[in-house]
Each structure stands twice: as C-alpha cells, then as structure tokens.
2 protein chains.
Amino acid sequence: MAMVEYESSLTQTQIVSILRKHDVSSTQQRIEIARIVLSKHQHLSAEQILAMVNTETTKVSKATVYNTLGLFARQGLVRELVIDPNKIFYDSNVSGHHHFYNVDTGELTDISNSDVDVNMLPKAPDGSLIEGVDVIVRIRQASQT
Amino acid sequence: MAMVEYESSLTQTQIVSILRKHDVSSTQQRIEIARIVLSKHQHLSAEQILAMVNTETTKVSKATVYNTLGLFARQGLVRELVIDPNKIFYDSNVSGHHHFYNVDTGELTDISNSDVDVNMLPKAPDGSLIEGVDVIVRIRQASQT
DNA sequence: CTGCTTGCAAAGGCTTTGCAGAACA
DNA sequence: TGTTCTGCAAAGCCTTTGCAAGCAG
C-alpha cells in the first residue's frame with residue numbers, strides 16, 4: 001500500500017530503451033534513478049533524488065546517484081540547472097524552457113518557452129556557436145504591506 | 001615597479017563614498033576589495049579576487065574576502081552570478097545585462113542589455129514580483145572541422 | 001572606549017574519487 | 001569470464017563560522 005505516484009508511468013522496457021538511446025547501459029540502479037527523474041518534469045536536487053530513490057525498493061548509494069546524474073547530464077538525458085549557489089538541480093525537461101526562481105524560498109518553476117520571447121541579436125563571439133539559452137527570472141515574495 | 005592596471009581609477013574617497021551609499025562602513029580591507037571589484041566591469045570569482053587583492057600592498061584574509069563579497073552582494077554593490085556549479089562570480093556591473101557562458105572554457109562575456117530583447121509574457125506566480133531576469137547564453141567552441 | 005571587523009583555522013555542505021566486491025553481457 | 005558498475009568511506013572544493021585580537025568612530 002501507499003506506493004509511488006508517478007505522473008507518467010514508464011515501463012522498465014521504455015526506460016531501458018531511453019537509456020540505450022543515450023548510450024547509457026542499463027543497470028538496476030540507473031533504471032531506478034531514471035524512473036524517478038524521467039517520469040515527471042520537475043526540478044530535483046541530487047539529495048532529493050537520493051531520498052526518493054531510497055524510499056523505494058531498491059537502495060542506491062549516494063555515490064552512485066551523484067555519478068549517475070552526472071552521466072545522465074553528459075548524455076543529455078537531463079539538464080543541469082545551476083541557479084542555486086550550493087545545489088545543482090536536475091531537470092528532466094530537456095526541451096527549451098525557462099525558470100522562475102524564488103529567491104526567498106528557493107522554489108523553481110517552469111516558464112514555458114512560448115511564454116518568453118527572446119530575440120537574440122548578438123551572435124556568439126569568435127568561432128563559437130550557441131548551445132542554449134537559459135532565462136532565469138528571479139522573483140521574490142511581494143510584500144503584503 | 002610593474003604595478004596594477006585598473007581601467008577606471010577610483011580614489012579612496014570615491015570608494016568610501018560608494019560604500020557609504022550602500023550602508024557599508026569603510027575599512028582598509030573593504031576598500032582594497034572594492035578597488036579591485038568596482039574599478040572595472042568584469043567577472044571575478046572569490047578566489048581570483050583574493051589573489052588580486054593579495055598581489056597588492058594590503059593582505060586580506062580569505063575569510064574576509066568571502067564575507068566582504070557576500071556583504072557587497074547583499075548591499076547591491078555587486079551581483080552574484082551563479083552559472084558555474086562550483087564557483088560564484090561577482091559582477092560589478094549591477095545594471096541589467098546578460099552573459100555568454102562558454103561551457104568549454106568557462107569564460108564569461110557580457111551581452112549588453114540592448115542586444116537582448118526579452119518579452120516577458122508570464123507574470124510572477126502568487127503574490128511574487130520579478131526582481132530580475134538573468135539570461136545566460138551557453139556557447140561552445142565551434143568545431144573547426 | 002565600545003563595537004564592528006579581521007584573521008586563523010576548523011567546520012560545513014555538496015560532490016567526486018579510490019578501490020574492492022558485485023553485477024552485467 | 002571479462003568488463004563495467006556499485007558502494008563505502010575518505011578526500012576535495014568552495015564557502016561559512018567561532019572566537020580572540022585589532023581597528024574605526
């Protein structure tokens with residue numbers, strides 16, 4: 001009773017397929033982590049993922065969680081969000097979108113890409129090319145007066 | 001010989017005045033740090049600032065550099081840039097502008113505010129208000145083929 | 001003088017690493 | 001069976017903190 005509640009339910013087979021598509025070989029632990037991270041679009045810290053994974057059946061060590069998340073990020077399965085000075089957030093939504101960051105609560109909220117219109121005039125300097133654009137809208141609790 | 005080369009030269013009096021304007025009382029160390037940080041628009045890590053300050057006459061401890069930069073940020077003298085997972089950059093350019101971030105080199109370059117047109121459609125959720133918008137354009141070395 | 005500031009070093013939080021045992025193909 | 005992966009704990013990096021001595025007004 002009282003089991004996990006994922007929004008989208010990815011089958012083990014689907015997860016394995018996704019991992020393989022990103023050149024990540026499947027292991028029990030990676031599947032568990034992927035299940036948490038990929039099933040739902042949200043922003044989780046390594047610490048949170050560690051906790052969520054270990055609420056479940058399988059126990060995964062801290063080292064493996066960190067290493068796996070780093071691997072996932074390198075392989076493009078998740079996106080690393082660097083917003084908070086002392087925590088990396090992992091976002092399974094790899095497609096272009098942006099974020100509200102509540103500086104008071106540390107809360108992170110999605111902004112749909114279509115809600116932000118960024119007209120980039122400058123081209124990347126030198127011989128560099130644009131890889132992505134992150135827009136972080138820092139918000140703060142409005143004073144209730 | 002072989003002295004420092006600051007772009008704009010702020011006099012001690014000017015620095016003191018700026019600090020005071022931001023409710024920061026003046027001390028020898030804060031003035032030294034401010035001289036480095038405020039004289040020129042650039043992106044420096046605490047580590048770099050520590051090194052630059054201690055190249056000079058006055059020696060400032062690591063703790064004081066970190067604490068002072070935190071203080072400066074809180075008082076609006078500088079802006080903390082959270083872009084690199086394991087380093088905070090301090091930007092003396094407090095006015096609205098954005099950044100190129102070269103993921104290969106870690107290099108940070110300014111984008112003038114006028115070069116980016118962000119049309120923010122979504123309003124901040126709840127009773128929150130927008131404090132600022134950070135746009136980070138991740139760039140990467142173009143493959144020379 | 002009285003309080004704020006500095007500095008040293010130790011502590012702290014997050015993440016990475018080394019290496020032996022375990023799991024996978 | 002060979003290779004890759006996991007896990008534990010220790011190490012590492014950046015930053016913060018505690019507390020005594022020092023400087024500012």
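Per chain, numbering begins at 1; letters A, B, ... match sequence-line order.
- Within the structure, salt bridge (Lys or Arg N to Asp or Glu O under 4.0 Å) contacts touching residues 98-114 of chain B (residues at least two apart or in different chains) do not occur.
- Atom C1' of nucleotide C:dT5 and atom CD of B:Glu32 are separated by 15 Å, given to the nearest angstrom.
- In B:Glu47, the CD atom is not crowded: 12 or fewer heavy atoms of neighbouring residues, nucleotides or ligands sit closer than 6.0 Å.
- In this structure, A:Asn113 contributes its side chain and A:Gly96 its backbone to a donor-acceptor pair below 3.5 Å.
- Residues from residues 71-84 of chain A lying near DNA chain D, meaning a heavy-atom separation below 4.0 Å, are absent.
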Show the distances under 3.5 angstrom between N or O atoms of the protein and N or O atoms of nucleotides 20-25 of chain D.
none

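- A donor-acceptor distance shorter than 3.5 angstrom exists from the side chain of A:Ser92 to the backbone of A:Lys40, with no hydrogens or angles considered.
- When rounded to the nearest whole Å, the span between CD of B:Gln29 and P of C:dC4 equals 17 Å.
- Helix bend of the helix from C:dC1-D:dG25 to C:dA25-D:dT1: the angle between its two end axes, each built from five pairs, comes to 30° after rounding to 10°.
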Original post:
What string of B, S and - do you get for nucleotides 13-22 of chain C, 5' to 3', if B is base contact, S is sugar-phosphate-only contact and - is no contact with any protein heavy atom under 4.0 Å?
Top reply: -SBBB-----
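- Applying the salt bridge (Lys or Arg N to Asp or Glu O under 4.0 Å) test to residues at least two apart or on different chains, the pairs with a partner in residues 130-142 of chain B are A:Glu131-B:Arg140, A:Asp134-B:Arg138, A:Arg138-B:Asp134, A:Arg140-B:Glu131, B:Arg79-B:Asp134.
- Of the candidates D:dC5, C:dC4, C:dC8, the closest approach to any side-chain atom of A:Arg30 belongs to D:dC5.
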Original post:
Could you go step by step and tell me if A:Phe89 and A:Glu80 meet the side chain to side chain contact (heavy atoms under 4.5 Å, CB included) rule?
Top reply: CA-CA 6 Å; A:Phe89 283 98; A:Glu80 283 186 347; over 6 Å; no
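- The side chain to side chain contact (heavy atoms under 4.5 Å, CB included) test with A:Ile33 singles out one residue from A:Leu50, A:Ile15, A:Ile49, and that residue is A:Ile49.
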**OP:** Evaluate the side chain to side chain donor-acceptor pair (under 3.5 Å) criterion for residues A:His99 and A:His43: first the C-alpha distance (whole Å), next the side-chain angles of each, then the deciding distance (0.1 Å), finally the verdict.
**Re:** CA-CA 10 Å; A:His99 299 93; A:His43 319 93; 3.2 Å; yes
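- The CG atom of B:Leu69 sits 15 Å away from the C1' atom of C:dT6 (whole-angstrom rounding).
- Distance from the side chain of B:Thr68 is smallest for C:dT6 among the nucleotides D:dG7, C:dT6, C:dG7.
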